[in-house]
Amino acid sequence: MQSHTVLVKDGGNPTNLNSLKTFDSAGRGFWSHISETDWSDWRWQLKNRIVSLEQLQRLMPTLTPEEQAGTMLANSKLAMAITPYFFNLIDAADENCPIRWQVIPRLEETHTALWVMSDPCGEDSHSPVPGLVHRYPDRVLFLVTDRCAAYCRYCTRSRLVSNATGYDFHPEFDRQIEYIQQHQEIRDVLLSGGDPLLLSDDKLETLLQRLRAIPHVEFLRIGTRIPIFLPQRITPAVCAVLKKYHPLFISIHSNHPRELTTEVREALGRLADAGIPLGNQSVLLRHVNDEVTVMQAHLQKLLMCRVKPYYLYQCDLISGSAHLRASVRQGLKIMNSLRGHTTGYAVPQYVIDAPGGGGKVPINPEYVLSNNQDRVVIRNFEGKVFEYPESADAGLPVNPPGH
Ligand code: SF4
């Protein structure tokens, strides 16, 4: 018997929903003098990232004291880097800009709390060779680099990415591949990091080729935030490389509808045209996407970009991220506002990665109100209650349907 959790019903605000769903270009902002060739060149974007307090202050005089202090300390915790393209999505006049909270360091990152950890998913303890995590029986996480196009302030792998804490990550592709070759139970390899799409086309192709040559590897996946931070990287050339190694899926990482610009929609279209199934992983974040209307707009916009919302993660207990963590209660409220209220394809699975390495645990609003050998009592998205028989002689419903 389960208890019936009463959750607040909130269908979102239709006016805000529509305005959040418009597709805009990130524009050129401070970089209007740069040639189109340079601006569209992903290597130019990487070379010209904002990485210091001086650069940030020059471009954004509205920096708050918390942001200034956070940026000064970032290089000893998780480096700051923001591509010019992504910087243009920040609203410098709005202290609560959801893009700003994701990439500009804050003083709160130095706060500690009882529950926090440096490796909340227990990856290091499931790592048979450097850069390979083998936690589930039939699949592995293959870390290819510690670099990203920009750094998310809540990153689960902040112990490792950007090397600000001196983790000194050196993937050894030969050893990682050898381990996969020797373990026939591994049928699924997820490339992640850091961001695998930061590798050159040649390096990426060599890696995919070597993995595809292993007979028991059925399925390849890439986890990447590049289409969001650096859509210029999704060139026809890299799409041509990727499409040779099907079945290959890509999970992107986007959190807010404003991240889905016209540039991103085009980049995702190129990947989809290369036959790559696209999913999205979001992290539930305070100040960013912990409102029903924002989440609905984001999920619906992802479908318009040919991306299926896959997971919504409760933010891991990574040290220095408490200011960005929304409550599980709020996550459940949002999930309750989705099922039945919008297209089923738009509804991600909400999960908590069990602290310490327990793996993903699905978290759902309660739709089963009670069950016994005779019948199951369920509620629908409108809160109406129904009964379903468990056996042929269960007898008629105790209550009329839909009361
Ligand atoms: S892109 Fe991914 S790996 Fe890189 S900082 Fe963001 S969450 Fe971490």
Side-chain angles (χ1 to χ4, degrees), residues 42 45-46 49-51 70-71 74-83 85-87 89-90 98-106 109 116-121 123-124 127 131-133 141-165 167 169 171 190-199 221-234 250-256 259-260 264 267-268 278-289 307 310-321 323-325 351 353 360:
W42 64 280
Q45 289 280 340
L46 283 180
R49 287 182 300 177
I50 296 119
V51 294
T71 305
N75 282 332
S76 59
K77 189 190 169 290
L78 170 67
M80 178 185 69
I82 311 170
T83 55
Y85 159 83
F86 197 72
F87 181 85
L89 298 182
I90 294 175
I99 307 296
R100 187 169 177 158
W101 279 89
Q102 294 183 65
V103 289
I104 296 188
R106 296 183 62 89
E109 290 180 22
V116 297
M117 305 170 214
S118 65
D119 180 15
C121 299
E123 291 178 342
D124 288 346
S127 195
L132 201 75
V133 181
L141 174 66
F142 190 126
L143 304 179
V144 304
T145 173
D146 61 358
R147 300 298 139 129
C148 300
Y151 294 108
C152 314
R153 305 320 303 172
Y154 51 86
C155 177
T156 294
R157 275 184 216 123
S158 56
R159 71 188 187 284
L160 180 161
V161 300
S162 88
N163 201 33
T165 60
Y167 187 94
F169 175 69
L190 166 59
L191 302 181
S192 184
D195 205 311
L197 294 188
L198 279 187
L199 299 187
R221 288 187 280 166
I222 295 177
T224 175
R225 192 143 154 75
I226 285 276
I228 303 300
F229 283 148
L230 187 62
Q232 296 80 1
R233 171 67 183 109
I234 310 302
I250 287 186
S251 290
I252 67 160
H253 170 179
S254 168
N255 293 321
H256 190 276
E259 293 169 28
L260 301 172
V264 168
L268 293 170
L278 299 171
N280 180 67
Q281 316 197 75
S282 288
V283 181
L284 180 67
L285 295 168
R286 235 175 112 211
H287 309 288
V288 176
N289 58 11
V307 180
Y310 178 34
Y311 281 130
L312 171 65
Y313 286 96
Q314 180 63 22
C315 187
D316 289 327
L317 297 169
I318 190 76
S319 38
S321 67
H323 60 294
L324 287 169
R325 281 204 292 277
V351 289
D353 228 316
K360 293 179 190 67

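Read the numbers this way: they start at 1 and go in the same order the structure lists the ligands and their atoms.
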Q: Would you call Ile318 and Cys155 a side-chain contact if the rule is heavy atoms closer than 4.5 Å?
A: no
Q: With side chains defined as the heavy atoms from C-beta onward, is the minimum distance between Phe86 and Ile228 less than 4.5 Å?
A: yes
Q: If you have a sec, work out which protein heavy atom is nearest atom 1 (S) of ligand 1 and how many Å separate them, to one decimal?
A: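 Result for atom 1 (S) of ligand 1: Arg225 CB, 3.6 Å.
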Q: Restricting to N/O/S atoms, is Cys152 within less than 2.8 Å of atom 6 (Fe) of ligand 1 or not?
A: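 It does; at least one qualifying atom falls short of 2.8 Å.
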Q: If we only count heavy atoms from C-beta on, is the Leu285 to Trp101 side-chain gap below 4.5 Å?
A: no
Q: Can you report which non-hydrogen protein atom sits closest to atom 8 (Fe) of ligand 1, along with the distance?
A: Cys155 SG, 2.3 Å
Q: Among Cys148, Ser321, Ser162, Pro105, which residue satisfies the side chain to side chain contact (heavy atoms under 4.5 Å, CB included) criterion with Leu78?
A: Ser162
Q: Among protein heavy atoms, which lies nearest atom 3 (S) of ligand 1, and at what distance?
A: Cys148 SG, 3.6 Å
Q: Nearest 0.5 Å please: distance from the CZ atom of Phe142 over to the CG atom of Leu132.
A: 6.5 Å
Q: In terms of residue, atom name and distance, what is the protein heavy atom nearest to atom 2 (Fe) of ligand 1?
A: His253 ND1, 4.4 Å
